[in-house]
Amino acid sequence: MTDFAVDTSLTLSLSPGALLFTEGEEGDCAYYVQRGLVEVSRRLGSAEVVITTEGEGGIVGEMALIDNMPRSATARAVEETLLIRIPKSEFARYLNSTDPLIRSLLERFVVIIRTITTENVRLILGIR
């Protein structure tokens, strides 16, 4: 992440509770969590379910860049958080330099994760 850390125009600071992105939005970047904590949640009807949290060293928003689908979740800062924005073009450069088999696996994993996440939210809420 040192390439991104040098460009301060790519850093973003969030206060607790601030939204990073919302489920359903187009993904134009991913975010590297340099410091702090980001909560990732899904909405089903009026209920919101926290799927995971990402702390220092974590990445959020990458799935939309891997499969070119809308954001599958909402992300918000839990505490003071410093992020490094990874533009879609830079992310694509890294992804395209990856072995084709690994890239194919990543794409498949994203499909599986999106499916499992939706099913888990339904199970948690008791919805079939």
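These values consider heavy atoms only, across backbone and side chains, with no hydrogens, waters or symmetry-generated copies.
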- Message: Please give me the minimum heavy-atom distance between R71 and A64, naming the atom from each residue.
- Response: NH1-CB, 4.1 Å

- Are D28 and R85 close enough that some pair of their side-chain heavy atoms sits under 4.5 Å apart? yes

- Looking at G24 and P70, what are the two nearest heavy atoms and their distance? O-CB, 3.4 Å

- Message: Check whether T81 reaches the backbone of E79 with its side chain - one donor and one acceptor, N or O, closer than 3.5 Å.
- Response: yes

- Item | Distance-minimising heavy-atom pair for A77 and S15 | CB-O, 3.4 Å

- Query: Hey, any chance I51 and V33 share a hydrophobic cluster, counting ILVMFWY side chains that come within less than 4.5 Å of each other, even indirectly?
  - Reply: no

- Counting only N and O atoms by type, is there a donor-acceptor contact under 3.5 Å from the side chain of R35 to the main-chain atoms of L82? no

- Should L19 and L12 be regarded as members of a common hydrophobic cluster, given that ILVMFWY residues are connected when their side-chain heavy atoms come within less than 4.5 Å of each other, either directly or indirectly? no

- Note on the structure: Minimal heavy-atom distance between S41 and A73, with the atoms involved, is O-CB, 3.2 Å

- Query: Just how far is it from atom CD of E107 to atom CD1 of I112, taken to the nearest 0.5 Å?
  - Reply: 12.5 Å

- Message: Between T22 (side chain only) and T74 (backbone N and O only), is there a donor and an acceptor less than 3.5 Å apart?
- Response: no

- Message: With rounding to the nearest 0.5 angstrom, report the CD1 to CD1 distance, I66 to I113.
- Response: 8.0 Å

- Note on the structure: Between A30 and F91, the two heavy atoms sitting closest are CB-CD1, 4.3 Å

- Query: Is the side chain of T115 donor-acceptor paired with the backbone N or O of V111 at a distance under 3.5 Å, no angle test?
  - Reply: yes

- Message: Hydrophobic cluster membership, with links at side-chain heavy-atom distances under 4.5 Å among I/L/V/M/F/W/Y: are I59 and L106 in one?
- Response: yes

- Crowding at CD, E25 (>12 non-hydrogen neighbours, <6.0 Å): yes

- Check whether any side-chain heavy atom of T52 lies under 4.5 Å from a side-chain heavy atom of V60, and answer yes or no. no

- Check step by step if side-chain contact (heavy atoms from CB on, under 4.5 Å) holds for R103 and L95. CA-CA 7 Å; R103 191 171 55 249; L95 192 59; 3.8 Å; yes

- Task: Before accepting this row, confirm whether a basic side-chain N of the pair E48/R43 lies closer than 4.0 Å to the acidic partner's carboxylate O.
- Result: yes

- Distance-only, no hydrogens or angles: does the R42 side chain make a donor-acceptor pair with backbone N or O of S72 under 3.5 Å? yes

- Task: Answer yes if I86 and V110 sit in the same cluster of Ile, Leu, Val, Met, Phe, Trp and Tyr residues linked by side chain heavy atoms under 4.5 Å apart, and no otherwise.
- Result: yes

- Item | Rounded distance (nearest 0.5 Å) linking atom CG of L20 with atom OH of Y31 | 4.5 Å

- What's the spacing between F109 CZ and I102 CD1 if we round to 0.5 Å? 8.5 Å

- Task: Over all heavy atoms of both residues, which pair between Y94 and S97 is shortest? Give the atoms and the distance, please.
- Result: O-OG, 2.8 Å

- Query: After noting the C-alpha distance and the side-chain angles of V38 and L83, does the key distance pass the side-chain contact (heavy atoms from CB on, under 4.5 Å) rule?
  - Reply: CA-CA 10 Å; V38 175; L83 303 144; 4.0 Å; yes

- Evaluation steps, side-chain contact (heavy atoms from CB on, under 4.5 Å), between L44 and V49: CA-CA 8 Å; L44 192 59; V49 176; over 6 Å; no

- Task: Output the distance between atom CE (M63) and atom CG (N68), rounded to the nearest 0.5 Å.
- Result: 12.5 Å

